[in-house]
Amino acid sequence: MPRHTLLSLALLAAIAAPAQAAEPLTVEDLAERLRLLEQRLGTATPAETGADPVAALDQRLRILERQLEIQQEEAAVRATTAPVVAVGDKGLSVKTPKGDYEIRLRGLVQADHRAFLGNESPAFNDGFLFRRIRPTLEGNLGPLIAFRLTPELAGDSATLVDAYVDVKFDPRYTLRVGKLKGPVGLERLQSGGATALIERGFPTELAPNRDLGVQLQGELARGTVTYAAGVFNGAPDGRDAPTTDPDGELEFAGRLFFEPWKNEANALSGLGFGLAGSVGDKDGGGNSFLPRYRTPGQNVFFNYRAAVLADGRHTRISPQAWFYRNAFGLQAEAIRSEQEVSIGGVRSDLAHDAWQLTTSWVLTGEDAGYRGVVKPNRPFTGGGEGWGAFELVARYGELDVDDDAFGLYADPNLSASRSRAWGLGLNWYLTSNLKLVLNHTRAGFDGGATGGRDREDESTVFSRLQLAF
């Protein structure tokens with residue numbers, strides 16, 4: 001009998017024999033166990049011919065070995081081509097085994113309630129609303145291309161929030177083309193689901209929102225320096241740019257940010273600071289060119305007269321910084337927006353200023369951070385074993401409108417020259433996907449009411465349920 005046959009039969013006996021076998025195995029026993037193994041593997045049993053039963057078993061074993069080899073080869077091919085599907089707290093992803101092609105589905109839903117205290121004006125309406133309903137489709141198409149598509153489904157009609165393509169030449173320089181956030185505002189650049197309070201503060205009212213254009217961005221010096229520089233259609237303060245450029249003028253915007261101790265384990269590793277700005281021309285009137293400034297309660301406290309035109313150079317400059325250390329967070333931002341305006345042939349250069357300071361403390365000890373929400377060490381469970389994470393936040397800020405705006409360019413009986421606001425909040429992160437928020441804000445005004453009187457203070461209690469994945 002050939003040696004390989006004896007070895008194969010011995011291996012077969014070891015595989016198929018019960019662990020407690022005490023009787024010597026016969027050829028018939030091996031034939032029966034081989035038949036059972038073939039049955040389990042789904043292979044056909046060939047008809048036994050000839051007078052040598054050992055040769056027949058050898059033939060069947062050879063066939064079985066080849067079938068196993070084929071299955072292993074097919075499994076190896078599938079492992080290199082079959083998509084990998086993953087579902088977790090970051091959403092749904094489908095990618096190739098190497099990860100160079102990937103599609104991700106994410107989402108953000110924010111259901112709010114707004115209550116205004118001690119104010120009977122019809123401009124201050126209590127009620128429920130969806131603040132954001134944003135499914136996001138993003139991913140990578142090979143190592144060179146990435147993309148992001150985000151519609152906004154909250155409100156009376158759907159709009160497109162983000163729609164851009166990244167050409168990733170290198171971590172040091174990536175080209176982003178499409179509709180994206182301008183690189184000016186620090187709080188504006190945070191995700192809508194990651195801000196400390198429910199609504200953003202005064203500096204964001206002077207920064208551009210989303211714009212259409214092309215931007216070069218990247219990281220230098222092992223990630224301690226980040227930059228962005230782009231050319232855009234030009235958005236008014238606090239708003240999106242129109243879907244088409246209404247005046248043919250362009251705006252240049254950029255940001256340079258430093259985190260010198262990012263890669264070191266010391267007390268300054270969470271410090272970042274930088275400077276952002278924009279410059280361009282605007283030529284036209286209405287919402288596409290001129291801003292209106294809002295309170296933390298989202299009520300307009302300053303607006304230009306309808307006949308005023310943006311008529312020339314528009315510049316912004318914004319120093320900004322953050323510091324995060326364990327459970328503590330601090331964010332500071334200031335911005336000046338200067339716009340040439342005209343009405344009836346009279347021209348002026350008006351400068352508006354805003355600043356704010358925001359601080360946070362995670363009571364349950366988790367790490368705070370600029371780029372994301374707090375992830376609870378002990379997520380909430382119905383049995384009471386975990387309660388999630390709790391965070392206290394506070395903010396103070398001001399927005400000062402140029403005094404030269406009043407009389408000719410703005411009605412002092414309707415628009416205030418300054419607003420100061422503070423806010424307190426409690427964020428409860430039940431899980432990494434579910435957050436409950438309670439905010440109280442109060443804003444005071446200089447002017448803005450009939451006869452030069454101060455506008456009535458705004459006092460709010462906002463709450464939110466947020467689902468994010």
Side-chain angles (χ1 to χ4, degrees), residues 108-134 152-157 159 161 181 185-210 235-240 287 290-304 333 335 337 352 354-356 358 393-401 410 414-425 427 435 437-446 448-449 455-466:
L108 176 65
V109 178
Q110 295 173 337
D112 291 6
H113 179 260
R114 296 179 177 179
F116 295 87
L117 308 180
N119 197 307
E120 301 299 328
S121 170
F124 298 78
N125 293 323
D126 298 351
F128 295 92
L129 74 153
F130 277 115
R131 184 65 174 86
R132 294 178 178 90
I133 304 177
R134 295 180 178 177
E152 175 61 84
L153 305 182
D156 296 329
S157 59
T159 58
V161 177
K181 288 183 180 181
L186 180 67
E187 192 180 35
R188 170 59 72 191
L189 288 172
Q190 281 186 296
S191 164
T195 55
L197 282 90
I198 286 178
E199 296 294 347
R200 293 180 171 96
F202 284 137
T204 300
E205 290 297 303
L206 273 63
N209 193 2
R210 285 168 171 84
D237 293 350
R239 292 184 179 174
D240 290 351
N287 295 339
L290 291 172
R292 74 282 188 268
Y293 297 139
R294 300 171 299 176
T295 66
Q298 301 300 285
N299 289 293
V300 175
F301 74 91
F302 173 83
N303 209 348
Y304 287 97
E333 179 179 12
I335 186 168
S337 176
H352 312 312
W355 67 271
Q356 72 178 15
T358 304
V393 297
R395 179 177 69 198
Y396 182 84
E398 296 186 4
L399 195 159
D400 186 14
V401 178
L414 298 175
S415 295
S417 63
R418 183 194 298 261
S419 180
R420 306 173 183 86
W422 57 266
L424 297 173
N427 299 327
K435 179 172 74 166
V437 184
L438 182 65
N439 285 181
H440 171 56
T441 64
R442 190 171 185 89
F445 307 93
D446 292 351
R455 183 176 176 173
E456 183 179 352
D457 286 359
E458 175 193 271
S459 182
T460 73
V461 175
F462 285 8
S463 56
R464 167 173 292 170
L465 184 149
Q466 174 177 298

Once salt bridge (Lys or Arg N to Asp or Glu O under 4.0 Å) is applied, do any residues pair with [X], and if so which ones, sequence neighbours excluded?
X    : value
D240 : none
E398 : R418, R420
R132 : none
E333 : none

Check: [X] side chain, [Y] main-chain N or O, donor-acceptor pair, under 3.5 Å:
X    : Y    : answer
R395 : Q356 : no
E152 : I133 : yes
K435 : R464 : no
Q110 : G192 : yes
N303 : S415 : no

Who passes side-chain contact (heavy atoms from CB on, under 4.5 Å) against [X], sequence neighbours left out?
X    : answer
R239 : P236, N287, R292
A443 : P296, S419, A421, F445, E458
T204 : E187, R188, R200
A394 : T359, L424

What is the ring orientation for W422 with H440, classed by angle as parallel under 30°, tilted 30 to 60°, or perpendicular over 60°? perpendicular

Do the rings of F116 and F462 sit parallel, tilted or perpendicular, given the 30° and 60° boundaries? perpendicular

Specify the closest pair of heavy atoms between N427 and A196, including all atoms of both residues, with the distance to one decimal. ND2-O, 3.2 Å

If I compare all heavy atoms of A410 with all of F302, which pair ends up nearest, and what's the gap? CB-CE1, 3.5 Å

Flag the pair H352 / E205 as yes when at least one side-chain heavy-atom distance between them is below 4.5 Å, and no otherwise. no

Y293 side chain near L206 side chain, heavy-atom distance below 4.5 Å: yes

Are F128 and F130 near enough that their ring centres are under 6.0 Å apart? no

Applying side-chain hydrogen bond (donor to acceptor under 3.5 Å, both in side chains), name anything that partners [X], two or more places apart in sequence or on another chain.
X    : result
S417 : none
R131 : E199
N439 : none

Quick one: pull up [atom1] in [X] and [atom2] in [Y] and give me the separation to the nearest 0.5 Å.
X    : Y    : atom1 : atom2 : answer
N209 : K181 : CG    : NZ    : 7.0 Å
L399 : F301 : CG    : CZ    : 4.5 Å
L197 : L438 : CG    : CG    : 10.5 Å
R455 : N299 : CZ    : CG    : 6.5 Å
D457 : T295 : CG    : OG1   : 11.0 Å

Steps toward side-chain contact (heavy atoms from CB on, under 4.5 Å) verdict (L108, Q466): CA-CA 7 Å; L108 176 65; Q466 174 177 298; 3.8 Å; yes

Ring pair (Phe, Tyr, Trp, His ring centres under 6.0 Å) partners for Y396, two or more places apart: W355

